[in-house]
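Structure record follows, encoded as structure tokens.
Residue numbers begin at 1 in each chain, while the letters A, B, ... track the order of the sequences.
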Number of protein chains: 2
Amino acid sequence: MYNRIVDMYTLSEENYLKTIYRLAQADGKITPTAIAESLGNNPASVVDMIRKLSEKQLIEYDKKKGVKLTAQGLKDAVLIVRRHRLWEVFLLEKLGYHWDEIHDIAEELEHINNDTLADRLDKFLGFPEYDPHGDPIPKANGKMAKPYSVTLAAMKAGSTCEVAAVRDTSSAFLQYLAKLNIGIGTKIQLIEKISFDNSLVISINGKEHTTVSQKFGDNILIE
Amino acid sequence: MYNRIVDMYTLSEENYLKTIYRLAQADGKITPTAIAESLGNNPASVVDMIRKLSEKQLIEYDKKKGVKLTAQGLKDAVLIVRRHRLWEVFLLEKLGYHWDEIHDIAEELEHINNDTLADRLDKFLGFPEYDPHGDPIPKANGKMAKPYSVTLAAMKAGSTCEVAAVRDTSSAFLQYLAKLNIGIGTKIQLIEKISFDNSLVISINGKEHTTVSQKFGDNILIE
DNA sequence: AAATAAAATTAGGTTTGACTAATTTTATTT
DNA sequence: AAATAAAATTAGTCAAACCTAATTTTATTT
Ligand SMILES: [Mn+2]
Ligand SMILES: [Mn+2]
Ligand SMILES: [Mn+2]
Ligand SMILES: [Mn+2]
């Protein structure tokens, strides 16, 4: 049995695959508009690419069900995500970048492909399980740990948790976290939920209380 | 005084700059045909790009004198070369690639740019002076050691040398060298030059004699 | 100096992946 | 159910970076 010849996708095709993969992690159907927003492209352009990727059998598009990755598309998307997250670990751990600087560089590095590059990098980094934002790194076979999914905002008042991952990886959010001294592994106690607007009063690493928004709490994933 | 906004060149522009830089190291004028051959493109396409790069003031083209990099073009080309050679060191030393596998991957990595990436990589690698093929690595300011230029073929019979660099970095040549147990630092004694075709009878690391072609000798640079 | 060959250039075309503007389809309000 | 709004799609355009084929310029032979 012959394997498809894969992995000679264009940069754009790869970015679309990865975006569709990411949108598929959330709930709801994947529409041209959603993809367009996510990539900062025009929906008309997305429709073109949907056609192209459908012809290549990497996705299936049904008006009702939206866009879905095929088995092949999923396999390929996961490998791009693997490369992205491995490079993020490299940039942070080996080159000393801060966690708010690595995403954009990894966005380019992820497209460099070579039979063994990801696997060698993986080995060099000591086979990390999670990237610097707490996202699981797919193994060469596509398997990976289940992503964290419980948010700080969903916790009940009084309980304590440990930060496992961040959902939003924008500089704005990550720099705000840095200012608050919050990183992966930080212990947070939820003191009180303000019922008016769901603001959260928290204690960071046992320090004095701080108030953060619901949006903030929605973007912190806990163990 | 304002600096030009640089470093947002396309992949193609960067590859042209680097090729022109490389051709400038050799002697003779740089013609559209030479660039075309070097890049595997059609001369007509090269003429297009010569126009584009001229407009951007990265090169100057004179029918008589051929293509020349401007001060700005040279500066930028050298930084691309810097990235290329640093990544080659990384791939060999950190990821364990063989020296005949690294060029093609570096050919892609060199285009990834970020204010501090090259400098951080440089530091991480311990500020290497030479890449795995013996080519000097430009510093952030553009300065670099003088490239090796004396060839094995130019040596006089009887003398001994140490391999400092290879001129040809094709897999074919590098694998041949590996088979002969020749690498950077290998000691070679030139036993005899066959006057008929300039073949070279050499002794590698003091071992028994081997005969190699003039072309071979032209592509080995010595200390 | 002609003739010929080689190199450079022009003209026109293709593909990829964007775009805008117009239209059609689908969903939401009233 | 009609009206309206939103989303999806089509049609046509554009720039980048390549190409081929034809032409012009330059270099080399005879
Ligand atoms: Mn990307
Ligand atoms: Mn990440
Ligand atoms: Mn390159
Ligand atoms: Mn090299």
Non-neighbouring partners of A:E13 that pass salt bridge (charged side-chain N to carboxylate O under 4.0 Å, His left out), sequence neighbours left out: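 Result, salt bridge (charged side-chain N to carboxylate O under 4.0 Å, His left out) vs A:E13: A:K52, A:K56.
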
According to salt bridge (charged side-chain N to carboxylate O under 4.0 Å, His left out), who are the partners of A:D119, at least two apart in sequence or on a separate chain?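 Partners of A:D119 under the salt bridge (charged side-chain N to carboxylate O under 4.0 Å, His left out) test: A:R82.
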
I need the [atom1]-[atom2] distance between [X] and [N], as an integer number of Å.
X	N	atom1	atom2	answer
A:M49	C:dC19	CE	P	11 Å
B:D48	D:dA16	CG	C1'	10 Å
B:K56	D:dA17	NZ	C1'	13 Å
B:I50	D:dA17	CD1	P	15 Å
A:M8	C:dT16	CE	P	13 Å
B:E55	D:dA15	CD	C1'	14 Å
A:K52	C:dT16	NZ	C1'	6 Å

At a heavy-atom distance below 4.0 Å, what parts of residues 36-44 of chain A sit against DNA chain C?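 DNA chain C contact set from residues 36-44 of chain A: A:G40, A:N41, A:N42, A:A44.
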
Note every stem involving DNA chain D: at least three consecutive Watson-Crick or G-U wobble pairs, i with j then i+1 with j-1, with both distances under 3.5 Å.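 So far as stems of 3 or more pairs are concerned, DNA chain D shows C:1-30 with D:1-30.
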
Can you confirm whether A:K29 is buried at NZ, in the sense that more than 12 heavy atoms of other residues, nucleotides or ligands lie under 6.0 Å from that atom?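 Counting neighbours around NZ of A:K29, more than 12 heavy atoms of other residues, nucleotides or ligands fall under 6.0 Å, so yes.
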
Using the test side chain to side chain contact (heavy atoms under 4.5 Å, CB included), find all partners of B:P128 that sit at least two apart in sequence or belong to another chain.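 Here the qualifying residues are B:L86, B:V89, B:D122, B:L125, B:I137.
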
I need the single residue from B:K146, B:E129, B:R85 that forms a side-chain contact (heavy atoms from CB on, under 4.5 Å) with B:P136. Which is it?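 With B:P136 as partner, B:K146, B:E129, B:R85 yield a single side-chain contact (heavy atoms from CB on, under 4.5 Å), made by B:R85.
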
Using the side-chain contact (heavy atoms from CB on, under 4.5 Å) definition, which of the options A:I30, A:L39, A:L58, A:L74 pairs with A:I20?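 Checked A:I30, A:L39, A:L58, A:L74 against A:I20; only one passes side-chain contact (heavy atoms from CB on, under 4.5 Å): A:I30.
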
Tell me whether the side-chain N/O atoms of A:Y61 come closer than 4.0 Å to OP1 or OP2 in D:dT9.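 So the side-chain polar atoms of A:Y61 do come within 4.0 Å of the phosphate oxygens OP1 or OP2 of D:dT9, strictly under.
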
Does B:R51 make a side-chain N or O approach to OP1 or OP2 of C:dT10 shorter than 4.0 Å?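 Result: yes.
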
B:S45 near the nucleic acid: base, sugar-phosphate alone, or nothing, with a heavy-atom cut-off under 4.0 Å?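 Result for B:S45 = base.
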
List every contact pair, protein side and nucleotides 22-27 of chain D side both N or O, where the distance is under 3.5 Å.
from: D:dT26; atom 1: OP1; to: B:K63; atom 2: NZ; distance (Å): 3.4

Judged by modelled atom types alone, do [X] and [Y] share a side-chain donor-acceptor pair under 3.5 Å?
X	Y	result
A:Y176	A:N219	no
B:D135	B:H133	no
B:N114	A:Y97	yes

